[in-house]
Amino acid sequence: MLTFIINTSLGILAAWAFYKTTIVLLFPENHAEISILELLRLLVKGWLASPGPSILPLDQLSYTLLGDARQSGRLRGGYFLLHTKNGVGSDEKGTSCILEIQNNWRKIDGEWYALIKEPFVTFQTREDGERIVALIVRHRSDWDAIPSTSDLVPEGFRVSQGWREKGREELKEKGNYLYAQELYWGAFDLYKQALHQPVDSVPSDLIQRNSAQAALKLSLRDTAIQDATAAMSANPSDPKNFLKLAECHYSARNYVAAQTNLQKLVTLDPLNVKGKLLLEKCQQRIAETKGQYDWVKIRKALKTRSNSYLDVADYTGPVEVKVGEFGKGLYLTKDVKAGDLLLVSKALQFIYLSDGDLDNPKRLMDMKLDCILEVAERLHNEKGLQKGFFELWSGKEGVEPKNIDGTYALDTEMIRDIYDVNCFTPSYYDINTFREEPPYGEGLWLLPSFMNHACWTNTRRSFLGDVMILRAGADMPSGSELYTPYVSLSIDLLSRQTHLKDRYGFTCTCAYCTIQTEESLQVRKNRASILETFAGMLPSLDPEYQQEALKECISKIEKTYTLPPSDFPRLELLNVYWMLALTYHQHEPFEGIAVSMNLLSALGFEFDDDGSMTRVGYVDLYAMPTMSQLCISWAALGQRKKAENWGENAKIICKIIMGEETRFGEIYEGWLEAARRE
Ligand SMILES: C[S@@+](CC[C@H](N)C(=O)[O-])C[C@H]1O[C@@H](n2cnc3c(N)ncnc32)[C@H](O)[C@@H]1O
């Protein structure tokens, strides 16, 4: 279902943009009456014009009054400055229009000043002459909410809003009141106004600190850091200023900067509890950036699978981005062993889906698009993320991301295209059922997005909440390219190739695809027909004959393979081996052990006589319960050494499949304990 949504056509996107549009219709006091039909027509017209984002620096655009715009269409070379309320904008001359900000995920509460660059302008002809009725903005960098105190707002315009008349104390108190009402933009603006007043009994650093806090609530992390830095510079003897600055840095994931400020805070105020707690968290995050994760703690922080945004730092292991055969890709910078940690990456943006959403295409589309808009919003608010994000653009049709005024033009279509090619839908492995649960969300992770695809891959990604963990799926030398599957190997060759071609524009040439493509159609058909025959007859057989049937099925299918399992893992056979092993394990443990070993051999795994793993094969989900079963069986037979070896093997596979093995470790200890008692 998700895949279908991901392949969204322009038509669907247009429908979505329309759906997301904030339509504000009648505001007689602002002279912006317009019929719904007329607005629809204008919007469609605006959509069809499909202007890209403004790419001129602001100092090359000219300040324009609404009354001076003469033509419907894109306003080239100009920008508007509007005081806006409830979707209606007025310029300094009092002329008003509907301000139509498309692709806007967040609402800005109350009244605000909007800087609108090169919007699409629409006119309506009325008896009293033609006039502007709407400004349509589609790209995040084409509009900004600016404080009323900004130098861009003409003096007379500000005065007319009456911000000058009030003193610091009154403005700050009003700001605090709005903050308590969760009207953060209004509060932020009032703090800025307060700062413009002559210094009185209210010190500047207090107001700047409040302003930083309001900016944090608005996710304006860059602004929050600027304001908190100003507060700290204004009064470096107040511990609160160091705490606020540390909180702002922590929120922007600048853990070292946060730690530096907290250390200063602790020197000034050794008993500051909040500061000490945050310092502890900072130290954990900094350890995480070195690959030291407290998985038990992280697991506990996962409230439920479907709503956790974890507070975890990224780890970049022995990997680097380089250009290779398939464009940019991720490569190893040193030798690794199967199970080694390569990356831990928190999603730039992630949206959880609930069970009901999976059957609701409209809801799915809505959430995907919310995610895209949130990406745009984050890129706008945190400029430091922009470069990494736009590096994911693969230069389609010679179009390149544009950097102007120190910020990238946030082209909605480009962001959507990048998202579409790079988003992941995680699934979560359930250690109790040994199954992977269906996707519970969708999001964007930056560094992992550089991985190219292979159906038979050498890494495995797993998820804890919105955090992706990437581990080596095999022993690999330095310089190896790391691959991740964009589509599951459990899907047949044709469907895989069609999906990859349709969605990503390439034909996979990985080892598995090459072998499958070279196999004759007759062999593939033969294998499928044997499986089908046995699957059909198995349920009707008495249990005593089922074992024989399963063995016969395995033997027949094994004969269809010419290459060894290390080159061509027998994925089709896993289910059959698993069923056969289950029939033995309880009453004939040695037979069960032999079949389980055969299953692992069919995946290309190799072991010594004591069960130590000498070669990691294809890491399929079946490997995990099979190794666990071998551990339990040997424990039950009193063979502690073998049980331990199989437990260790299972731990490695668990790490690869689940990202971490602490939960398995707890369960496994229980098995060994039980074996000791027997
Ligand atoms: C998520 S990006 C991977 C990074 C990309 N190579 C780049 O330069 O930005 C996916 C794109 O990489 C390319 N790609 C990935 N795997 C490939 C493969 N196995 N064969 C050919 N092209 C591949 C395709 O163009 C695909 O749309």
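Quick caveat, the model's predicted, so the values are computed rather than measured. All ligand and atom numbering here is 1-based and tracks the order in the structure.
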Evaluate the side-chain proximity of W445 to R461: yes if any heavy-atom separation is below 4.5 Å, no if none is.
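Heavy-atom side-chain distance check fails, nothing below 4.5 Å.
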
For K387, which residues count as a salt bridge (Lys or Arg N to Asp or Glu O under 4.0 Å) partner, sequence neighbours excluded?
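Checked K387 against salt bridge (Lys or Arg N to Asp or Glu O under 4.0 Å); matches are E391.
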
Q284/D294 under side-chain hydrogen bond (donor to acceptor under 3.5 Å, both in side chains): CA gap, chis, key distance, verdict:
CA-CA 9 Å; Q284 277 169 19; D294 183 341; over 6 Å; no

Heavy atoms under 4.0 Å from ligand 1: which residues qualify?
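Only F326, G327, K328, V421, N422, S449, F450, M451, N452, H453, Y486, Y504, F506 have heavy atoms that fall under 4.0 Å of ligand 1, ordered by chain and number.
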
Does the side chain of Y622 come under 3.5 Å of the side chain of N575 through a donor N or O and an acceptor N or O?
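Distance-only check passes for Y622 and N575.
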
Tell me, with the steps shown, if L56 and I404 meet side-chain contact (heavy atoms from CB on, under 4.5 Å).
CA-CA 7 Å; L56 283 176; I404 31 139; 6.0 Å; no

Compute both the distance and the angle, then confirm whether R570 meets the cation-pi test with Y561: under 6.0 Å from the six-membered ring centre, within 45 degrees of the axis.
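The answer is yes; both the distance and angle limits are met.
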
